[in-house]
Amino acid sequence: MRSPIFMTSKLVKLLLPSLAAFLLTSCENEKETIEVESPQSYLRPLQPGKFITYKLDSTVFLQAGRVEETHSYQEKHIVDAVITDNLGRTSYKIYRYLRDAANMPWRPAGTYVMTPLTNTVEVIEDNMRVVVLAGPVREGQSWRGNQYLASEPYSYLYNFSNDNNMGDWNFTIESLGQTETINDKKINDVLTVRRVEDELTNVPIRDKSAFASKTVSVDKFAKGIGLVYQQHILWEYQPSTGPSSTAYYVGFGVTRSLLEHN
């Protein structure tokens, strides 16, 4: 009679091929389960002539920062041409146009470059290079989207502290697969990227004698369409320091919301 140890050893040898096959199948199934989408699936087709139009609300502070106003426009982004950027990568030049109302003529309002890569999407505008999307596309995914920005990138325009350490902002995919209603249009498969956790100090302002600050930055992309909503707000409130000084705001706010696209 063969010993139990011999029988067990023989059984293990017989089971090893089956076990290996089972593990291989399990790994393949698991791989199929965790496959995710490319960031490029959340862009509109990047072909010359493709456009997207937004309602644009711009918050500005006038009269040395004492008066807050919101100016509303329509804004159109049109893909102009395929180009090669200064790193030799295939990119797309996009023109931006503004008009005050639907019956007004469009006027040029600048350009930017979009570079879709295998696992990221970059936008370069006014010499600011931002990684607006990064894979794998899944909830909780984060990346340093402002890593290429200079220290205090808005310092040439605004004397505030909101842009301190912008390079350290952790862009995070907050949600995906959502349905949003934007300008009375239902939009499916929306992905939300929060560029930075909301930073609010004394907001809303209840104590006019105290410093206040607001930093909010969020993008929403829809599958096959691209950016459908954006809010980028950075401002400070400096209180009066005495009889000869006046309280003032410094900064800006921009909100874009989809109107139409082709």
Side-chain angles (χ1 to χ4, degrees), residues 54-75 77 96-101 104 107-112 122-132 142-172 174 182-183 192-220 227 229-257:
Y54 302 98
K55 179 178 184 293
L56 173 65
D57 295 319
S58 174
T59 299
V60 295
F61 300 102
L62 306 175
Q63 297 181 28
R66 295 190 299 272
V67 176
E68 176 181 349
E69 289 185 2
T70 298
H71 300 164
S72 294
Y73 309 93
Q74 286 189 359
E75 182 184 55
H77 299 207
R96 180 183 285 121
Y97 298 88
L98 285 178
R99 65 183 179 186
D100 296 320
M104 301 292 288
R107 60 184 186 274
T111 64
Y112 62 93
E122 296 183 5
V123 169
I124 300 176
E125 183 175 12
D126 296 331
N127 294 317
M128 294 186 186
R129 178 180 170 193
V130 178
V131 183
V132 296
S142 65
W143 65 96
R144 289 177 59 215
N146 291 334
Q147 60 184 294
Y148 301 112
L149 295 187
S151 176
E152 302 180 355
Y154 291 110
S155 60
Y156 71 103
L157 291 173
Y158 306 103
N159 182 22
F160 61 7
S161 62
N162 301 74
D163 61 349
N164 292 355
N165 304 313
M166 278 187 74
D168 295 331
W169 283 13
N170 276 321
F171 289 35
T172 303
E174 191 173 70
I182 298 175
N183 292 323
T192 298
V193 174
R194 190 163 295 278
R195 296 190 176 194
V196 66
E197 290 297 321
D198 294 355
E199 297 177 1
L200 307 177
T201 301
N202 188 27
V203 175
I205 298 175
R206 294 186 175 88
D207 183 359
K208 293 282 189 179
S209 66
F211 169 84
S213 177
K214 182 174 184 177
T215 299
V216 174
S217 191
V218 62
D219 298 332
K220 294 179 183 288
L227 184 74
Y229 179 86
Q230 181 179 63
Q231 190 172 56
H232 194 53
I233 300 171
L234 292 88
W235 58 252
E236 278 185 358
Y237 167 80
Q238 296 288 350
S240 170
T241 57
S244 60
S245 69
T246 304
Y248 67 91
Y249 291 85
V250 58
F252 66 96
V254 173
T255 300
R256 291 182 172 93
S257 55

Test item: [X] and [Y] side chains (from C-beta on) under 4.5 Å apart, heavy atoms:
X	Y	result
Thr192	Val218	yes
Val132	Arg195	yes
Thr215	Ile233	no
Trp143	Val131	yes
Leu56	Gln74	no

Any chance you could measure [X], atom [atom1], to [Y], atom [atom2], to the nearest 0.5 Å?
X	Y	atom1	atom2	answer
Thr246	Gln238	OG1	CD	13.0 Å
Ile124	Thr111	CD1	OG1	11.0 Å
Met128	Met166	CE	CE	7.5 Å
Asp126	Leu157	CG	CG	8.5 Å
Tyr229	Lys220	OH	NZ	7.5 Å
Thr59	Leu234	OG1	CG	11.5 Å

Within the 3.5 Å criterion, strictly below it, is a donor on [X] or [Y] matched to an acceptor on the partner's side chain?
X	Y	value
Ser217	Gln231	no
Lys55	Ser257	no
Asp57	Ser72	yes
Ser245	Ser240	yes

Could you go through the side-chain contact (heavy atoms from CB on, under 4.5 Å) check for Tyr249 and Ile205 one step at a time? CA-CA 12 Å; Tyr249 291 85; Ile205 298 175; 3.4 Å; yes

Run the side chain to side chain donor-acceptor pair (under 3.5 Å) test against Tyr154 and tell me which residues pass, sequence neighbours left out. His232

Residues, nucleotides or ligands: over 12 heavy atoms within 6.0 Å of [X] [atom1]:
X	atom1	value
Glu197	CD	no
Asn127	CG	no
Asn159	CG	no

Applying ring pair (Phe, Tyr, Trp, His ring centres under 6.0 Å), run through Tyr97 and His77 and close with a yes or a no. CA-CA 7 Å; Tyr97 298 88; His77 299 207; 9.5 Å; no

For [Y], is there any backbone N or O sitting under 3.5 Å from a side-chain donor or acceptor partner on [X]?
X	Y	answer
Asp219	Val193	no
Asn146	Val130	no
Glu236	Ser161	yes
Tyr54	Leu227	yes
Thr172	Asn170	yes

Ion pair Glu125/Arg96, N-O distance below 4.0 Å: yes

Could you tell me which residues satisfy salt bridge (charged side-chain N to carboxylate O under 4.0 Å, His left out) with Arg107, sequence neighbours excluded, listed by chain and number? Asp100

Of all heavy-atom pairs between [X] and [Y], which one has the smallest distance, and what is that distance?
X	Y	answer
Lys214	Asn162	O-ND2, 3.1 Å
Ala109	Leu98	CB-CG, 3.8 Å
Asp207	Asn202	O-ND2, 3.2 Å

Once the angle between the rings of Phe160 and Phe252 is folded into 0 to 90°, is it parallel (under 30°), tilted (30 to 60°) or perpendicular (over 60°)? tilted

Between His71 and Tyr73, how do the two ring planes meet: parallel, tilted or perpendicular, split at 30° and 60°? perpendicular

Gln230 vs Thr255, side-chain contact (heavy atoms from CB on, under 4.5 Å): CA-CA, chis, key distance, verdict: CA-CA 5 Å; Gln230 181 179 63; Thr255 300; over 6 Å; no

Validate the cation-pi geometry between Arg66 and Tyr248: distance from NZ or CZ to the six-membered ring centre under 6.0 Å, angle to the ring axis within 45°. no

Sub-6.0 Å ring centroid separation between Tyr237 and Phe211: no

